[in-house]
Amino acid sequence: MYGIFGAPIEHSLSPLIHNIAFKALEMNCVYLPFHVEPDNLAAAVGAIRGLGMGGVNVTIPYKEAVLPYLDRVEGDALVTGSVNTIVNQDGFLSGYSTDGEGLLLSLEKEAGFHPQGKKVVLIGAGGASRAVAFTLLREGIAALTIVNRTLKRAKALAEIIRERAGFKAYCLDNGDPALKDLATQADLVINATSVGMAPRTEEKPLYPLIESKGDCLVCDLIYRPLETAFLQEAKQHGLRTLNGLGMLLYQGILAFKLWTGLQPPEKPMRLVLEGFMEKSCETSLRNSIDDEKQEKMDGPRNKQEDV
Ligand code: ATR
């Protein structure tokens with residue numbers, strides 16, 4: 001038995017990809033979502049041992065909080081202080097992070113982008129940015145600028161990067177006029193904030209995409225919706241884009257390998273994700289048409305309610 005711990009957890013797509021992989025490999029295994037309340041985190045981690053689970057994924061808000069309950073922390077998770085995968089070997093729990101490496105595989109396999117020597121702009125200074133920053137630095141990027149609404153947080157991340165990787169990252173707040181110049185030089189721009197995520201799909205990070213050079217790759221870690229307003233704008237400017245579905249897929253593939261030692265079948269995992277996203281896109285379109293019809297039918301009543 002495998003699973004994922006988080007809160008909320010009902011929207012997680014990880015059960016889809018892992019269960020299809022177990023099925024394709026004819027493995028007698030199951031992957032379940034577990035909603036874990038903060039007070040129950042220690043007990044939930046204990047249950048990995050108690051129930052003899054092979055391992056779990058960990059998602060928001062426990063990627064950092066879970067560390068004290070593990071026997072060992074490995075690889076990227078050591079540097080980032082964030083764990084998304086726990087492996088159980090005879091009751092000994094090891095924590096890993098496959099998020100950064102997942103993005104790297106997505107960049108390389110889906111966009112043919114190799115970070116070495118490239119200039120990168122990272123929008124956001126939270127946990128997602130941190131995971132991505134350390135992986136890109138390890139790949140030998142030439143420059144990193146962290147752009148964040150709260151400059152203090154960008155500086156805090158830059159300080160961690162300086163301490164742990166010996167690299168000087170630049171920081172700007174998202175209203176800084178120097179962003180224009182920065183944009184003309186960037187090879188890769190990554191939105192690692194939640195801005196533009198459903199249901200607030202009309203929002204986008206403050207960044208002058210219009211100034212970007214023609215071969216700049218614009219990446220959004222968000223996959224709901226598949227094409228954020230930020231990526232739409234990038235396309236309008238003729239820029240190449242990459243959404244967050246690949247990172248989700250590859251971080252899962254890497255976790256599966258850690259648990260089982262096997263390479264899971266990428267194609268069915270990707271198809272199940274894409275199929276689900278298409279279906280949920282159709283459903284939300286249908287819902288919005290229904291809402292509109294409903295609004296036309298009882299508009300005055302709704303308007304009054306709004307007031
Ligand atoms: P995660 O661990 O998923 O990265 P987080 O630690 O809450 O989540 O970080 C979210 C990031 O999105 C932060 O960089 C946050 O900016 P602040 O540091 O200023 O809070 C950014 N973010 C969230 N909502 C935002 C908004 N409406 N406008 C601009 N940035 C936003």
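Ligands are counted one by one from 1 in listed order, and the atoms in each one are counted from 1 as well. What you see is a predicted model, and the numbers here were worked out from it, not measured in a lab. Residues take their numbers from the sequence shown, with the count starting at 1.
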With atom 3 (O) of ligand 1 as the reference point, say which of I60, L206, T150 has the nearest heavy atom. I60
for atom 23 (C) of ligand 1, nearest protein heavy atom and its distance come out as S194 OG, 3.6 Å
Closest to atom 6 (O) of ligand 1 by heavy-atom distance, out of R149, R153, E64, is R153
Using the ring of each side chain (for Trp, its six-membered ring), is F256 parallel, tilted or perpendicular to F22, with breaks at 30° and 60°? tilted
What residue and heavy atom of the protein are closest to atom 16 (O) of ligand 1, and at what distance? N148 OD1, 3.3 Å
Return a yes/no value for A125: is any of its N or O atoms, backbone included, closer than 3.5 angstrom to an N or O of ligand 1? yes
Could you tell me, atom by atom, which parts of ligand 1 come under 4.0 Å of a heavy atom of T193? 12 (O), 21 (C)
Show the nearest heavy-atom pair for residues P264 and A21, with the distance to one decimal. CB-CB, 4.0 Å
Under 3.5 Å, side chain of N243 to main-chain N/O of Y223, donor-acceptor pair present? no
Any side-chain heavy-atom pair from S97 and K63 closer than 4.5 angstrom? no
Using modelled atom types and a 3.5 Å cut-off, is there a donor and acceptor pairing between side-chain atoms of Y250 and backbone atoms of K109? no
The atoms of ligand 1 lying under 4.0 Å from a heavy atom of A128, numbered in the order shown, are 1 (P), 2 (O), 4 (O)
Apply side-chain contact (heavy atoms from CB on, under 4.5 Å) to R240 and list each qualifying residue two or more places apart in sequence or on a separate chain. A111, F113, L217
G124 neighbourhood, listing ligand 1 atoms whose heavy-atom distance to it stays under 4.0 Å: 14 (O)
In the protein, what heavy atom is nearest to atom 2 (O) of ligand 1, and what distance, to one decimal place, separates them? G127 N, 3.1 Å
Hey, does C171 have a side-chain heavy atom less than 4.5 Å from the side chain of N148? no
Atom 9 (O) of ligand 1 [closest protein heavy-atom partner, distance rounded to 0.1 Å]: G126 CA, 3.5 Å
